[in-house]
Amino acid sequence: MYMKPNTNTKTEITFEDFKAEVLNDYKTVVTSRECSLLGRREVLTGKAKFGIFGDGKEVPQIAWAKAFQNGDFRSGYYRDQTFMMAIGELSIEQFFAGLYANTNLEDEPMSAGRQMGGHFATHSLDENGEWKNLTEQKNSSADISPTAGQMPRLLGLAQASKIYRNVKDIDATKFSKEGNEVAWGTIGNASTSEGLFFETINAAGVLQVPMVISIWDDEYGISVHARHQTTKENISEILKGFQRDENGNGYEILRVNGWNYPELIDTYQRASQVARKEHVPVMIHVQELTQPQGHSTSGSHERYKDEARLAWEAEYDCNAQMRQWMIANNIASDEELKAIEKDIKKAVRDGKKAAWSAFINPIKAERDEAVSLLDRVANSSANGVFITKLKNDLEAIDEPIRKDILSATRKALRFVVSEASAEKTELQNWITTYINTIQPKYSSHLLSHSNKKALNQTEVLPTYDANAEEVDGRVVLRDNFDAIFSNYPEALIFGEDAGHIGDVNQGLEGLQAKYGELRVADTGIREATILGSGIGMAMRGLRPIAEIQYLDYILYALQLMSDDLATIHYRTKGRQKAPLIVRTRGHRLEGIWHSGSQMGGILNLVRGIHVLVPRNMTKAAGFYNTLLESDEPALVVECLNGYRLKEKMPNNIGKFKTPIGVVETIKEGEDITLVSYGSTLRIVEQAAKELLEVGIHAEIIDVQSLLPFDINHDIVKSIAKTNRLMVIDEDVSGGASAYILDEILNKQNAYKHLDSQPKTLAAKPHRPAYGTDGDYFSKPSVEDVFEAVYEVMHEVNPTDFPKLR
Ligand SMILES: Cc1ncc(C[n+]2csc(CCOP(=O)(O)OP(=O)(O)O)c2C)c(N)n1
Ligand SMILES: [Mg+2]
């Protein structure tokens with residue numbers, strides 16, 4: 001058998017070196033297994049809530065770790081603890097810190113307790129949010145739980161190597177060495193049933209990127225057997241057509257049994273070579289794996305596996321097979337291995353204890369502080385007996401959580417609400433301070449904390465020559481993209497029809513010829529992987545702009561925007577970021593699927609991403625300029641009906657910046673404040689002109705930025721003047737208009753200034769019919785806006801504004 005356990009450093013090794021390396025590998029797999037076994041017990045005895053472990057998948061991960069080099073990236077799922085241990089990124093203590101959800105990043109570096117155990121990550125950013133040198137470390141993009149959700153991001157992580165290898169002038173110092181990095185994915189056999197898996201596999205075959213996907217095949221997806229999951233019960237068999245051959249590019253498809261240590265090492269070395277050197281994607285179907293403890297702590301596999309299967313799993317347990325192989329090949333004796341196993345058992349128990357102390361001791365200290373305070377409050381209060389009961393109950397909890405502490409202290413405060421004592425003040429202050437200290441452990445880092453955060457970017461207005469030319473809006477956008485690609489070598493755009501024809505509205509006209517097929521690229525029709533590849537590339541220091549052709553089709557990508565992109569910074573407590581720009585166009589054209597206005601749905605799903613709705617192409621261009629200077633993800637929705645409208649050509653193209661979270665008053669007035677955004681503003685502006693003719697002076701505010709929303713609270717200032725508010729929106733009622741109303745009424749307290757009922761004017765509950773009149777009869781029209789505003793004014797002053805109908 002060909003054996004070369006570590007090709008990174010040596011070509012010739014002695015048997016002693018080889019033995020030592022195998023023994024070391026064995027120690028890792030046994031440590032990992034012990035963690036799984038003890039982890040399960042921690043859940044069953046109530047110390048942890050839930051556990052999902054990597055038992056039964058240890059040995060292949062050792063082989064993979066040997067092939068994994070500095071600069072490489074992992075995008076995997078919850079079974080990969082052994083790999084993380086083998087690359088030195090997961091200690092026993094950290095494993096248990098994850099299980100207990102320790103909120104300290106130093107103890108629990110994967111997510112500071114924000115993710116359940118088994119969801120792995122490394123740190124791409126330092127404590128200031130600055131990139132670390134990713135070429136000098138082994139990298140794991142942060143896992144997510146939705147099955148196959150790791151696949152689209154994997155594509156982008158691999159694609160980044162291709163860009164770095166082939167596009168000149170990018171400063172790759174921190175990100176790549178000639179594109180030699182491989183992106184390694186893992187997925188369970190059952191999760192290959194997901195559409196995201198197939199979409200990614202096809203896209204990587206087309207793109208020819210250095211991606212190696214391992215399929216951990218244990219024949220089950222929780223209780224559901226492969227016969228319900230996969231045609232022919234064999235994923236590599238049915239994907240055979242992807243094998244590269246004389247007919248064209250494709251994959252290298254490899255199969256290996258997951259219990260065969262030497263063959264696994266061979267297979268992973270080969271995969272690494274093919275992917276790294278040739279940039280050919282590789283699929284490794286790792287078969288005959290097991291689940292010694294079943295799927296997770298939520299159930300037992302004896303319920304759905306028969307005797308024969310359970311017996312086979314016991315025999316072919318990869319660790320047991322590796323052990324037998326070591327004895328058969330004189331690498332160690334049974335006694336030696338027993339001694340190793342015993343030591344490891346103890347080390348894992350000790351590590352677990354240390355992790356538990358690190359988790360519970362700070363909370364106990366906080367509890368003790370609260371108990372002593374409650375004691376003082378009780379002694380000074382007429383309601384002392386009630387407070388003493390709260391104190392005693394809190395003191396009696398063996399393993400308190402922070403909710404116990406706050407619940408007791410907040411309830412105690414109610415008993416002293418009408419008393420005046422130093423202790424009461426102390427309690428009030430203590431609660432506030434405690435919340436202020438603890439809340440960030442659960443809520444911080446949704447957005448960037450770095451100097452580059454979007455809100456640090458200040459406005460730069462477009463400037464114009466005296467005789468500035470009036471051009472189609474799309475020309476402003478095109479020239480601005482031209483400036484962007486010339487100013488930022490790391491910027492690139494890709495999407496359906498974005499390359500050769502320069503997008504369906506020619507906002508990228510001529511730019512592929514100028515910047516090449518890798519930077520201005522056509523993609524297949526595959527929105528989820530367009531989005532995902534943007535995430536992966538952004539995580540490796542590039543500045544991708546993922547184009548989704550129409551807003552209506554963003555629903556295909558929305559799951560990943562919500563589950564992956566919006567949570568990256570939060571779920572790593574600021575140690576990873578993906579400043580991806582998603583470009584799309586929509587609103588007010590025609591038909592059920594070409595006039596998308598699902599803004600309410602989007603707003604509710606993508607907190608953590610900026611949502612920007614420029615009313616014209618100059619504003620849109622300014623947003624792109626702002627975003628490229630910042631480090632947060634954003635969605636920009638261009639007005640589909642605005643590309644051919646005339647706009648003056650600025651003379652500082654590429655330099656002006658539209659601020660994020662800042663509204664703009666586009667018409668002043670005293671009678672009522674009209675709030676809207678995007679394409680609908682043109683309708684509102686027309687209605688306002690007509691209202692002026694009957695003596696109604698409306699003020700119009702363009703929101704521009706739905707997320708974040710009016711950070712300076714300018715809208716309430718307008719309402720303080722007009723005392724009336726109407727939100728006009730082409731989304732359904734209860735959608736974006738309800739969000740806007742909530743922001744204005746509840747967050748800006750505008751209700752204080754209102755003399756009339758605040759109104760929303762939204763679209764019909766159905767999508768717009770296709771016919772030319774579809775828009776008029778489905779979304780607010782000029783007449784609708786006029787009449788709705790007039791009606792408000794009629795209520796105020798029926799003499800001057802008699803009833804219209
Ligand atoms: C989108 C989605 N659907 C369902 C689940 C619940 N779920 C978690 S793991 C799992 C089975 C996965 O099986 P497989 O891919 O074979 O991985 P294994 O656990 O066997 O290693 C399911 C259904 C989920 N996490 N995400
Ligand atoms: Mg499985």
Side-chain angles (χ1 to χ4, degrees), residues 32-33 36 39-40 49-61 64 74-84 115-120 142-154 185-201 213-236 238-239 257-259 283-305 309-310 312-313 316-318 528 532 555-564 567 571 605:
S32 175
R33 177 65 60 89
S36 301
R40 185 178 176 88
K49 277 188 300 195
F50 173 77
I52 189 147
F53 306 120
D55 48 313
K57 320 276 188 297
E58 290 92 342
V59 177
Q61 294 182 25
W64 165 27
R74 164 189 172 275
S75 178
Y77 78 117
Y78 49 79
R79 298 286 182 217
D80 294 344
Q81 70 193 47
T82 315
F83 169 79
M84 295 300 290
Q115 295 228 64
M116 55 171 67
H119 290 62
F120 305 110
D143 294 353
I144 60 174
S145 295
T147 50
Q150 70 274 31
M151 293 294 299
R153 168 174 12 105
L154 172 65
T186 65
I187 189 166
N189 58 297
S191 300
T192 65
S193 309
E194 295 278 13
L196 292 180
F197 173 79
F198 284 94
E199 186 177 318
T200 305
I201 292 296
I213 176 74
S214 295
I215 298 151
W216 303 146
D217 192 345
D218 56 17
E219 279 190 39
Y220 285 86
I222 311 186
S223 68
V224 181
H225 186 258
R227 67 181 171 277
H228 302 295
Q229 301 279 5
T230 308
T231 308
K232 299 185 180 181
E233 297 183 27
N234 188 328
I235 190 70
S236 58
I238 60 170
L239 293 180
N257 285 330
W259 44 263
M283 187 185 315
I284 309 179
H285 186 187
V286 184
Q287 297 174 294
E288 301 203 357
L289 287 168
T290 68
Q291 291 180 355
Q293 304 190 102
H295 174 78
S296 72
T297 52
S298 297
S300 82
H301 60 154
E302 287 81 6
R303 283 185 300 163
Y304 51 82
K305 288 178 188 162
R309 171 77 195 183
L310 290 168
W312 178 87
E313 287 206 10
Y316 280 87
D317 181 316
C318 58
L555 294 188
Y556 279 64
L558 192 55
Q559 179 255 323
L560 288 170
M561 288 176 67
S562 183
D563 283 330
D564 198 357
T567 68
R571 74 181 192 262
L605 287 167

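Order of appearance sets the numbers: ligands from 1, and atoms from 1 within every ligand. In this chain, residues are counted from 1 in sequence order. Predicted model only: the values in this text are computed from it and were never measured.
- Contact of the E288 side chain with the W312 side chain is registered, since non-hydrogen atoms from C-beta on lie closer than 4.5 Å.
- Interface of A190 with ligand 1, defined as ligand atoms under 4.0 Å from a residue heavy atom, comprises 13 (O), 14 (P), 15 (O), 16 (O).
- Evaluated by nearest non-hydrogen atom to atom 4 (C) of ligand 1, the leading choice among T147, I215, I144, I187 is T147.
- Put simply, S191 stays out of reach of the Mg ion (ligand 2), with no N, O or S atom under 2.8 Å from it.
- Side-chain atoms of T147 never come within 3.5 Å of backbone atoms of S191 as a donor-acceptor pair (strictly under, hydrogens ignored).
- Under the 4.0 angstrom criterion, atom 6 (C) of ligand 1 counts as lacking any protein heavy-atom contact.
- N189 lies close to the Mg ion (ligand 2), since one of its N, O or S atoms is found at a distance under 2.8 Å.
- No donor-acceptor distance shorter than 3.5 angstrom exists from the side chain of T82 to the backbone of S32, with no hydrogens or angles considered.
- For ligand 1, the atoms closer than 4.0 angstrom to any heavy atom of R79 are 18 (P), 19 (O), 21 (O).
- The protein atom (non-hydrogen) at minimum distance from atom 23 (C) of ligand 1 is I222 CD1, 3.8 Å.
- Put simply, the side chain of I213 reaches to within 4.5 Å of the side chain of I187, judged on heavy atoms.
- Side-chain atoms of Q61 come within 3.5 Å of backbone atoms of R79 as a donor-acceptor pair (strictly under, hydrogens ignored).
- Near Y77, meaning under 4.0 Å from one of its heavy atoms, ligand 1 places the atoms 17 (O), 18 (P), 21 (O).
- Closest to atom 15 (O) of ligand 1 among all protein heavy atoms lies S191 OG, 2.6 Å.
- Across every non-hydrogen atom of R309 and L289, the tightest pair is NH2-O, 3.5 Å.
- The closest approach between a heavy atom of W216 and any atom of ligand 1 is not below 4.0 Å.
- Looking at atom 9 (S) of ligand 1, its nearest protein heavy atom turns out to be Y78 OH, 2.9 Å.
- The environment of Y556 atom OH is sparse: at most 12 non-hydrogen atoms of other residues, nucleotides or ligands sit within 6.0 angstrom.
- Taking every heavy atom of E194 and a limit of under 4.0 angstrom, the matching atoms of ligand 1 come to 1 (C).
- Inclusion of K57 in the set of residues having an N or O under 3.5 Å from an N or O of ligand 1 is not warranted.
- The shell of residues lying under 4.0 angstrom from ligand 1, judged by heavy atoms, includes Q291.
- Within the 4.5 Å cutoff, no side-chain heavy atoms of Y78 are placed close to those of D143.
- Of the possible polar contacts, none joining the D218 side chain to the G56 backbone as a donor-acceptor pair under 3.5 Å is found.
- Close approach to D218 involves these atoms of ligand 1, each under 4.0 Å from a residue heavy atom: 18 (P), 20 (O), 21 (O).
- Near H295, meaning under 4.0 Å from any of its heavy atoms, are these atoms of ligand 1: 9 (S), 10 (C), 11 (C), 19 (O).
- Here the N, O or S atom of D218 that is nearest to the Mg ion (ligand 2) is OD1.
- Salt bridge present: R33 and D317 bring a charged side-chain N and a carboxylate O closer than 4.0 Å.
- Remark: the backbone N or O of A148 is paired with a side-chain donor or acceptor of Q150 at under 3.5 angstrom.
- Side-chain contact annotation: S36 with Q81, donor-acceptor N/O pair under 3.5 Å present.
- Residue-level proximity to ligand 1 for S145 is carried by the backbone, the only part with a heavy atom below 4.0 angstrom.
- Applying the 4.0 Å criterion to heavy atoms of G221 picks out, from ligand 1, the atoms 11 (C), 13 (O), 16 (O).
- Atoms of ligand 1 lying under 4.0 Å from any heavy atom of P146, numbered from 1 in the order shown and given with element: 26 (N).
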